[in-house]
Q: 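Got a structure for you, questions after.
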Amino acid sequence: NAGVTQTPKFQVLKTGQSMTLQCAQDMNHNSMYWYRQDPGMGLRLIYYSASEGTTDKGEVPNGYNVSRLNKREFSLRLESAAPSQTSVYFCASRRPPAETNYGYTFGSGTRLTVV
Amino acid sequence: AQSVTQLDSHVSVSEGTPVLLRCNYSSSYSPSLFWYVQHPNKGLQLLLKYTSAATLVKGINGFEAEFKKSETSFHLTKPSAHMSDAAEYFCVVILSSGGSYIPTFGRGTSLIVHP
C-alpha cells in the first residue's frame, strides 16, 4: 500500500548512544518532513526537505541531523541521544497542491525513549 | 510570520451533542489550513482542508470547518458526537517560505466523548 513507512516503531536508547530513524515514501512526493510530538506541544518540525538533495532546519533542530538519501528516503539521526529527546517522531510527505487530496501523509510514528 | 492557536486543550461533550473545536491563525495572507485527527497510539489522518476555494469545508466522518477571514478562524464542528470521535485534533496552517511549504501545528485539542 502506498504511504509513508517508518522504522523502527519503538526504540529504547541509553544516553549518549546514536541511532538513525528511517523514513520512506512510495508516492513520488518531493517534500518530506520530520516532526517530534510531545504532550501539550503538538507536533514540532525538526527538519524538512523540499526536494531531493536539499534539507533545512525547522523549529527544533538541535541534536539532530538528517539525510535525504534519494527521493524516497529521508532519515533522521541522533548522534548522542539525550533524555530530552524522548518523544514520538513522525515522518511526513506532502502531496502537491494540484492533487485533489492535497495534504500531508504521515507515517505511523517511532516511539523513542532515552534512559 | 504565521502561527496557529487552538483555544482549548480539552473539550468534553456527551455522545449525540454538537462538537466545536476552535482554531485561530495569524497570517499576512490567505493561508492553507487543515485539520488532522490522531486516535490513541495512532498516526495522523487528514480530516479536511481549506485552500481558498469554498469557505465551508466538509471533511470525513461528518466534520466540517468554516474559514472566516474577518475572524482569522477555522473552527471544526460536528452536529452530533460519536464515541469513536474521541481523539486528539490538530489545526495546521501552511507557511510558505522561499518556495517551500512548512506545516505549523497547533498544540492540539483532546476531544472527550461521554456516553
Side-chain angles (χ1 to χ4, degrees), chain A residues 1 3-7 9-10 23 25 27 29-61 68 87-111, chain B residues 1-10 21 23-25 30-54 57-60 63 65 74 87-110:
Chain A
N1 290 337
V4 177
T5 303
Q6 288 184 237
T7 55
K9 293 190 182 303
F10 300 94
C23 175
Q25 52 91 9
M27 298 172 285
H29 291 169
N30 286 326
S31 300
M32 298 183 72
Y33 308 81
W34 274 106
Y35 288 89
R36 60 176 290 172
Q37 182 179 23
D38 303 290
M41 300 297 290
L43 276 75
R44 293 180 292 169
L45 184 65
I46 305 171
Y47 272 91
Y48 67 98
S49 170
S51 61
E52 185 179 354
T54 68
T55 61
D56 286 286
K57 295 179 180 179
E59 181 184 354
V60 288
R68 185 72 183 269
S87 187
V88 181
Y89 292 84
F90 286 98
C91 178
S93 68
R94 185 176 71 95
R95 298 176 181 275
E99 291 192 10
T100 55
N101 57 348
Y102 167 51
Y104 295 78
T105 301
F106 287 84
S108 57
T110 296
R111 190 173 296 272
Chain B
Q2 290 186 348
S3 68
V4 56
T5 302
Q6 291 183 243
L7 297 166
D8 307 292
S9 59
H10 296 84
L21 306 182
C23 174
N24 284 97
Y25 69 91
S30 186
S32 293
L33 294 157
F34 299 78
W35 276 98
Y36 279 83
V37 60
Q38 184 181 33
H39 287 91
N41 299 312
K42 299 290 186 182
L44 289 101
Q45 181 184 20
L46 178 65
L47 268 181
L48 50 79
K49 62 183 184 287
Y50 167 76
T51 53
S52 73
V57 182
K58 294 188 183 297
I60 62 172
F63 284 94
F74 189 56
E88 189 86 11
Y89 292 79
F90 294 97
C91 183
V92 182
V93 63
I94 308 305
L95 166 68
S96 177
S97 174
S100 298
Y101 295 89
I102 312 300
T104 302
F105 281 73
R107 295 194 171 196
T109 299
S110 179

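Numbered from 1 within each chain, the chains take letters A, B, ... in sequence-line order. Values below: all heavy atoms of this structure, side chains included; hydrogens, waters and symmetry mates excluded.
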Q: Examine whether an atom of Arg44(A) lies under 4.5 Å from a heavy atom of chain B, and if so say whether it belongs to the side chain, the backbone or both; otherwise answer neither.
A: neither
Q: Below 6.0 angstrom between ring centroids: does that apply to Phe105(B) and Tyr35(A)?
A: yes
Q: Kindly give the heavy-atom pair with the smallest separation between Gln38(B) and Phe90(A), and that separation in Å.
A: NE2-CZ, 3.3 Å
Q: Please state whether the side chain, the backbone, both or neither of Glu88(B) comes within less than 4.5 Å of a heavy atom of chain A.
A: neither
Q: Quick one: pull up CZ in Arg94(A) and CD1 in Ile94(B) and give me the separation to the nearest 0.5 Å.
A: 8.0 Å
Q: Tell me whether Tyr33(A) contacts the main-chain N or O of Pro103(B) through its side chain, where contact means a donor paired with an acceptor under 3.5 Å.
A: no
Q: Can you tell me how far OG1 of Thr105(A) sits from CD of Gln45(B), rounded to the nearest 0.5 angstrom?
A: 11.0 Å
Q: Less than 4.5 Å to any heavy atom of chain B: does that hold for the side chain of Leu45(A), its backbone, both, or neither?
A: side chain
Q: Measure Gln6(A) against the heavy atoms of chain B and call it side chain, backbone, both or neither at under 4.5 Å.
A: neither
Q: I'd like to know which of Gly107(A), Gly58(A), Gly40(A) tops the heavy-atom pair count under 4.5 Å against chain B.
A: Gly40(A)
